[in-house]
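Only one structure is covered here, and it is reproduced in the block below.
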Amino acid sequence: MKFVSTRGQAPVLGFDDVVLTGLASDGGLYVPESLPTISEATFRQWQSLPYDELAIEVMWPFVEGSMPRERFESMVRDAYGSFRHSAIAPTKQLSHDTWLLELFHGPTLAFKDFALQLLGRLLDYFLAERGERGVVMGATSGDTGSAAIEGARHSEHLDVVILHPYQRVSEVQRRQMTTVLSDNVHNVALKGNFDDCQAIVKASFMDQAFVSPNRLLAVNSINLARIMAQTVYYIYSGLRLGALDREIAYSVPSANFGDVFGGYLAKQMGFPIAHFTVATNANDALVRGLRGDLSRKPLEKTLSPSMDIVVSSNFERLLFDLHGRDGLKMAQVMDSFQTGAVQLDDSVVNQAKALFSAHAVDDDQTCATISRIFEETGELIDPHTATGVDALQVTPDGMTKVVLATAHPAKFAEAVEKAGFDEVPLPSDMTDLLEREERYTVLENDLDDVQSFVRSVMG
Ligand SMILES: *Cc1c(COP(=O)(O)O)cnc(C)c1O
């Protein structure tokens, strides 16, 4: 498969280069030049496949040409072998017509494991093929950092440096990162806030030569391989819940639009998803964006912190399609958005409305939903998932509804306690997390200090 930039000016790349590149050189994001259309008969044949075998079938058209099929097959089986549930992505019934799709059975208890378990292995393979080493650099306030570390801890050709704000992440979240003692994993506690961490990572990507001859790599959700891995669980759950024979809608707790874009790609490949509901917290950039209003609001800290964002990076991928895949037009829209607010054309908004609804859920409503679902079903859901459940009120009637359960409630104790519940126990293999040995380096909020540290740890 070939990949093109949403802004039309960057080179067309193959899969291996897209995985290693991240952001396109014109500032755009890579998307497939065209997608295979999969027939209904093929989907029916896939109904009996276990998760990893389905994942191989769905993803192979993206990967083909960049590695031998057998190599990819073993990589996928290995990536999902670390999950705690044998179904990998099980569904659980919440009511007559509503299901939860549980995406928190991976090593770090959030859906980001689905992509990052695979991405770590893909990067390692492509670097080995080229005889190169890479340094993954990222900033985290939570889920991404630990998932990236777990995904790369066994990589031979990769170092991982993750910055988190010193004393400003929860103990569980910090320990999920700092208790991984692999030689290639390096945690930095930066004396600053999350924005300071991000600013240093961003400045480092503007100055990639500082890691030369190694390659600097990003594993945030602009990496197309992450989206690709996220198409699989829509198809897997949809096949289990009868999507080929009835209308099915997905409600997706959203921030950077990466997760829901995976479902959108599944639909573009011919899988019959009737509707998507985009759920946000008070940081409602996507609710406004789907109404055609591209604008920025100050960040609000919420009880669903993994959805606290100002700008939704992957939304550009949808906008590219809604603008007839016109890269130059997209470059204009994004240039204007760089300097202020943009109102999108009616035709764009109407196309979006045909497939997406959106709803912002505040913290009170999030807690009320956690309580209500517990009363109705005995299930304790996490605050991100709760936004997805509450947003079902804007999903069209009459469809089978699936809410993506993006994290395990034990990860987000604050919201669960505010909703009136005792602390939720961690899964049994993690109960000693609070006693495990930690390793991290505290650094000043200074670009040179961080860059020297990165150079000193490179293998
Ligand atoms: C990252 C994350 C989200 C948001 O996903 P996007 O792909 O950014 O839309 C939602 N819930 C949890 C638990 C997350 O970690």
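Just so you know, ligand 1 is whichever comes first in the structure, and atom 1 is the first atom listed for that ligand.
Short contacts between ligand 1 and Met307, defined as distances under 4.0 Å to a heavy atom of the residue, involve ligand atoms 10 (C). The atoms of ligand 1 that sit less than 4.0 Å from any heavy atom of Ser254 are 9 (O). Residue contact check: Pro253 has heavy atoms under 4.0 Å from atoms 4 (C), 10 (C) of ligand 1. Near Gly258, the atoms of ligand 1 lying under 4.0 angstrom from a non-hydrogen atom of the residue are 6 (P), 7 (O), 9 (O). Which parts of ligand 1 touch Ala407 is read off a 4.0 Å heavy-atom cut-off, strictly below it: atoms 13 (C).
Within a 6.0 Å radius of CD in Glu376, more than 12 heavy atoms belonging to other residues, nucleotides or ligands are found.
The nearest heavy-atom contact from the protein to atom 11 (N) of ligand 1 is Thr406 OG1, 2.9 Å. In terms of protein heavy-atom proximity, atom 3 (C) of ligand 1 is nearest to Phe111 CE2, 3.6 Å. Looking at atom 1 (C) of ligand 1, its nearest protein heavy atom turns out to be Lys112 NZ, 1.4 Å. With hydrogens left out, the protein atom closest to atom 7 (O) of ligand 1 is Asp259 N, 2.9 Å, a heavy atom. In terms of protein heavy atoms, atom 9 (O) of ligand 1 is closest to Ala255 N, 2.8 Å.
Counting heavy atoms from C-beta on, the side chains of His154 and Asn184 never come closer than 4.5 Å.
Using a cutoff of 4.0 Å between basic side-chain nitrogens and carboxylate oxygens, Asp363 and Lys418 are not scored as salt-bridged. A salt bridge links Asp321 with Arg325; the closest basic N to acidic carboxylate O contact falls under 4.0 Å. Here Asp382 does not pair with Lys411 in a salt bridge; the nearest charged N to carboxylate O distance is not below 4.0 Å. Ion pairing of Asp308 with Lys301 is absent here, as no side-chain N (NZ or NE/NH1/NH2) approaches a carboxylate O to less than 4.0 Å.
At a 4.0 Å heavy-atom cut-off, ligand 1 touches Phe257 through the backbone alone. Contacts of Asp143 with ligand 1, taken as heavy-atom pairs under 4.0 Å, involve the side chain alone.
When the options Val278, Thr277, Leu392, Leu290 are evaluated for a side-chain contact (heavy atoms from CB on, under 4.5 Å) with Ser357, the one that passes is Thr277.
For Phe111 and Phe114, the gap between ring centers reaches or exceeds 6.0 Å.
Residue Asn256 places at least one N or O, backbone or side chain, under 3.5 Å from an N or O of ligand 1.
When only modelled atom types and interatomic distance are considered, Asn256 and Ser312 share no side-chain donor-acceptor pair under 3.5 Å.
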